[in-house]
Amino acid sequence: MRSSRQQFVISLFNVRNRVRFAMDDAFRPMGITDATWRTLFYLEQTGDGVFQKDLATVMGIEGPSLVRLLDSLEDKQLIERRPGQTDRRSKSVHLTRKALKLLDKLHDVADQVRGELLEDISDEEIEHCLLVFQRIMDTKDHKVAP
């Protein structure tokens, strides 16, 4: 039998997937892939001009995988990459006007998805979850040996 702590972590993964799949389903008719919407949302959250290596860290993916995603977004004119001011080898990533317009549409759809997923959950319950999530985020990183 699983402990409540084990079940909690399993549930976090399951909820994350539930939200992600619901967003995928909602964005698919717009021709927007998981890789596109997630990258655009991360870029928007981290701020204009984030360095590629920092974006990869925030997204939890390897640099080469991110480069392929960014190549695709650049081909679609949703981002532009600029050389770093102090290190020309590093690239900063910037959302284009086209991306900002698309993000407005994506946020409208995402609001609908959130409304459906959270329809029967009170604001008080959500606030409590947010407190728990913040406590987890505030926990120092622990390196566990395999």
Side-chain angles (χ1 to χ4, degrees), residues 1-74 76 78-82 84 86-87 90-146:
M1 184 171 171
R2 292 187 177 124
S3 73
S4 59
R5 289 175 184 270
Q6 288 173 315
Q7 189 57 47
F8 178 81
V9 172
I10 291 167
S11 293
L12 281 177
F13 284 106
N14 291 337
V15 168
R16 174 193 176 273
N17 287 336
R18 174 69 176 98
V19 171
R20 186 172 172 183
F21 296 150
M23 294 290 183
D24 284 346
D25 290 345
F27 295 144
R28 190 172 296 114
M30 299 170 65
I32 303 298
T33 65
D34 172 73
T36 297
W37 71 262
R38 288 182 57 238
T39 306
L40 291 176
F41 281 170
Y42 275 115
L43 276 168
E44 184 180 47
Q45 290 171 7
T46 55
D48 194 45
V50 65
F51 286 104
Q52 285 183 193
K53 64 182 175 66
D54 297 330
L55 182 61
T57 300
V58 168
M59 291 182 67
I61 62 176
E62 297 293 323
S65 297
L66 178 63
V67 169
R68 286 190 296 274
L69 284 173
L70 295 179
D71 286 345
S72 172
L73 293 176
E74 197 167 40
K76 295 173 185 172
L78 295 172
I79 63 143
E80 61 180 44
R81 290 182 270 198
R82 301 175 192 157
T86 57
D87 181 357
S90 64
K91 301 283 184 201
S92 60
V93 183
H94 303 265
L95 293 168
T96 63
R97 284 192 180 123
K98 183 177 178 180
L100 296 173
K101 288 179 185 177
L102 175 58
L103 277 163
D104 284 342
K105 292 176 188 173
L106 294 177
H107 283 300
D108 288 343
V109 172
D111 285 344
Q112 292 172 359
V113 172
R114 277 190 295 274
E116 292 169 13
L117 291 174
L118 304 175
E119 180 177 34
D120 297 324
I121 302 170
S122 72
D123 289 344
E124 182 179 277
E125 290 171 307
I126 295 208
E127 289 297 324
H128 185 75
C129 285
L130 289 171
L131 288 171
V132 172
F133 295 159
Q134 189 58 55
R135 299 247 335 252
I136 292 169
M137 294 303 294
D138 290 344
T139 304
K140 293 181 181 178
D141 290 335
H142 294 280
K143 305 287 185 218
V144 179

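Scope of the values below: all heavy atoms of this structure, side chains included, with no hydrogens, waters or symmetry mates. Remember, it's a predicted structure, so these values are computed and weren't measured experimentally.
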Do [X] and [Y] come within less than 4.5 Å of each other through their side chains, counting heavy atoms only?
{"X": "R135", "Y": "D138", "result": "no"}
{"X": "F8", "Y": "V132", "result": "yes"}
{"X": "F133", "Y": "L12", "result": "yes"}
{"X": "L103", "Y": "H107", "result": "yes"}

Report the distance from atom [atom1] of [X] to atom [atom2] of [Y], rounding to the nearest 0.5 Å.
{"X": "M59", "Y": "L69", "atom1": "CE", "atom2": "CG", "answer": "6.0 Å"}
{"X": "L70", "Y": "K91", "atom1": "CG", "atom2": "NZ", "answer": "12.0 Å"}
{"X": "Y42", "Y": "W37", "atom1": "OH", "atom2": "CH2", "answer": "8.5 Å"}
{"X": "R97", "Y": "L102", "atom1": "CZ", "atom2": "CG", "answer": "16.0 Å"}
{"X": "H128", "Y": "I121", "atom1": "NE2", "atom2": "CD1", "answer": "13.0 Å"}
{"X": "M23", "Y": "D25", "atom1": "CE", "atom2": "CG", "answer": "11.0 Å"}

Heavy atoms only: give me the nearest [X]-[Y] pair and the separation to one decimal.
{"X": "V50", "Y": "T46", "result": "CG1-OG1, 3.6 Å"}
{"X": "M30", "Y": "V109", "result": "SD-CG2, 3.8 Å"}
{"X": "S92", "Y": "G49", "result": "CB-O, 3.4 Å"}
{"X": "I79", "Y": "E74", "result": "CG1-N, 3.6 Å"}
{"X": "L78", "Y": "A99", "result": "O-CB, 2.9 Å"}
{"X": "R20", "Y": "D34", "result": "NH2-OD2, 2.7 Å"}

Task: Salt bridge flag under 4.0 Å for residues D111 and R114 - done: yes
Task: Residues R38, D24: salt bridge by 4.0 Å N-O rule - done: no
Open item on the list: Run the side chain to side chain contact (heavy atoms under 4.5 Å, CB included) test on R2 and V9 for me, step by step, so that the C-alpha distance in whole Å, both residues' side-chain angles and the decisive distance to 0.1 Å come before the verdict.
Closed with: CA-CA 11 Å; R2 292 187 177 124; V9 172; over 6 Å; no
Open item on the list: Whether the E125 and S122 side chains hold a donor-acceptor pair (N or O, under 3.5 Å, no angle test) is what I'd like checked.
Closed with: yes
Task: Enclosure of Q6 CD (heavy-atom neighbours >12, cutoff 6.0 Å) - done: yes
Task: Atom CG of D104 with >12 non-hydrogen neighbours under 6.0 angstrom - done: yes
Task: side chain to side chain contact (heavy atoms under 4.5 Å, CB included) assessment of F41 paired with L106 - done: CA-CA 9 Å; F41 281 170; L106 294 177; 3.9 Å; yes
Would you check if the side chain of [X] reaches a backbone N or O of [Y] as a donor-acceptor pair within less than 3.5 Å?
{"X": "T39", "Y": "A35", "value": "yes"}
{"X": "S72", "Y": "R68", "value": "no"}
{"X": "K98", "Y": "K76", "value": "yes"}

Open item on the list: Please determine whether side chain to side chain contact (heavy atoms under 4.5 Å, CB included) holds for the pair Q134 and M137, giving the CA-CA distance in whole Å, both sets of side-chain angles, and the decisive distance to 0.1 Å.
Closed with: CA-CA 5 Å; Q134 189 58 55; M137 294 303 294; 4.1 Å; yes
